Amino acid sequence: DGGITQSPKYLFRKEGQNVTLSCEQNLNHDAMYWYRQDPGQGLRLIYYSQIVNDFQKGDIAEGYSVSREKKESFPLTVTSAQKNPTAFYLCASSMIPSSGELFFGEGSRLTVL
Amino acid sequence: AQSVSQHNHHVILSEAASLELGCNYSYGGTVNLFWYVQYPGQHLQLLLKYFSGDPLVKGIKGFEAEFIKSKFSFNLRKPSVQWSDTAEYFCAVNPYSSASKIIFGSGTRLSIRP
């Protein structure tokens, strides 16, 4: 089945540690996205990428980093510089970069202890 | 600042009531507009979209939305809600000027009383 796979689904981290969330898609989509979902704040864009080896900051990129070395993969690293990292993280992809129609993964819940 | 606003945070309705959820955006120029829905325990999924043409668009499960350019609005409507419509609804905007950037509103939680 085609889709987006995020792992892990649940992750616990101690303060000061970096953690990387995986996102893989087999939909052959060009664009990929990372959003953070917090109660009452909706989805906020962290980073997005339209093509391999290129990505742009979203509205809340501080404390996060990404890479896009392969079309199907867009991992997100939550660094120790992110002041409030506990959240639900959603990865998405889009078939046409400018269409805006997104397909979402199941999400990863990160808890910082 | 450019943004997408959903003013209703939580809406509670009885079955068969009519629904209208507001969405306003502050981007100038041409935009693509979307409503996404997140049912409890499920992925976010597309409900309907507007790219161009008829400003009244119809989506899945009897939902529709009207794009009013002069008001920068894209309100979601359904004439008669069902208990199964209980979900969180997100409005999203893709400004043409920002290529692939897609911005979401804060969401509206809809609770339907059986």
Side-chain angles (χ1 to χ4, degrees), chain A residues 1-6 9-10 23 25 27 29-52 54-61 66 68 71 74 87-109, chain B residues 1-11 21-27 29-52 57 59-60 67 74 87-109:
Chain A
D1 286 334
I4 299 176
T5 302
Q6 290 187 239
K9 286 189 177 180
Y10 300 95
C23 179
Q25 55 102 354
L27 300 168
H29 286 177
D30 292 303
M32 295 187 75
Y33 306 78
W34 275 106
Y35 289 91
R36 170 179 170 143
Q37 187 175 16
D38 296 285
Q41 298 192 61
L43 278 70
R44 293 182 289 167
L45 182 63
I46 304 172
Y47 270 97
Y48 64 106
S49 167
Q50 298 180 74
I51 56 173
V52 174
D54 185 55
F55 47 83
Q56 287 78 42
K57 292 182 178 180
D59 297 321
I60 57 164
V66 293
R68 188 85 187 276
K71 186 176 184 177
F74 192 42
F88 189 61
Y89 292 89
L90 282 166
C91 180
S93 69
S94 175
M95 180 168 60
I96 303 169
S98 61
S99 80
E101 185 173 347
L102 300 176
F103 293 80
F104 283 88
E106 289 187 335
S108 293
R109 185 167 297 280
Chain B
Q2 295 179 322
S3 65
V4 180
S5 299
Q6 292 181 246
H7 302 294
N8 310 108
H9 298 295
H10 188 194
V11 173
L21 302 182
C23 174
N24 290 91
Y25 62 93
S26 61
Y27 296 90
T30 305
V31 294
N32 294 327
L33 296 159
F34 308 84
W35 277 96
Y36 283 82
V37 61
Q38 189 172 31
Y39 297 104
Q42 294 188 27
H43 293 202
L44 269 157
Q45 58 184 282
L46 183 67
L47 197 56
L48 48 78
K49 60 188 178 186
Y50 172 80
F51 287 174
S52 63
V57 293
I60 60 173
F67 170 49
F74 190 55
E88 191 154 16
Y89 293 81
F90 296 91
C91 181
V93 174
N94 169 221
Y96 268 37
S97 62
S98 299
S100 299
K101 189 173 184 179
I102 298 153
I103 304 301
F104 283 77
S106 57
T108 297
R109 185 156 64 98

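Basis for what follows: all heavy atoms, side chains included, without hydrogens, waters or symmetry-related copies. Throughout, a chain's letter reflects where its sequence line sits, starting with A, and its residues are numbered from 1. Worth saying up front: this structure is predicted, and the values here are computed from it rather than measured.
Between Ile103(B) atom CD1 and Tyr35(A) atom OH the span is 6.0 Å, to the nearest 0.5 Å. Here the OH-CZ distance, from Tyr33(A) to Phe104(B), works out to 9.5 Å after rounding to the nearest 0.5 Å.
Atom CZ of Arg109(B) sits in a sparse spot, with 12 or fewer heavy atoms from other residues, nucleotides or ligands closer than 6.0 Å.
Closest approach of Gly40(A) and Ser106(B) over heavy atoms only: O-CB, 3.7 Å.
With sequence neighbours excluded, the residues that form a side chain to side chain contact (heavy atoms under 4.5 Å, CB included) with Leu27(A) are Ile4(A), Gln25(A), His29(A), Ser93(A), Phe103(A). Applying the ring-ring contact (aromatic ring centres under 6.0 Å, His included) test to Tyr89(B) and every residue at least two apart in sequence or in another chain returns Phe63(B).
For Gln38(B), the part lying near chain A is the side chain, with the backbone staying farther off; criterion is any non-hydrogen pair under 4.5 Å. Contact annotation for Gln37(A): only side-chain heavy atoms (C-beta onward) come within less than 4.5 Å of a heavy atom of chain B. With a 4.5 angstrom heavy-atom cutoff, Leu44(B) touches chain A via backbone and side-chain atoms both. Only the backbone of Gln41(A) comes within contact range of chain B, judged by heavy atoms closer than 4.5 Å.
Residues Leu45(A) and Ile102(B) fail the side-chain proximity criterion, which asks for heavy atoms closer than 4.5 Å. Contact check for Tyr36(B) versus Leu102(A): side-chain heavy atoms found under the 4.5 Å cut-off. No side-chain heavy atom of Lys101(B) sits under 4.5 Å from any side-chain heavy atom of Gln56(A).
Note: Lys49(B) leads Glu88(B), His9(B), Gln45(B), Lys49(B) in heavy-atom pairs under 4.5 Å with chain A.
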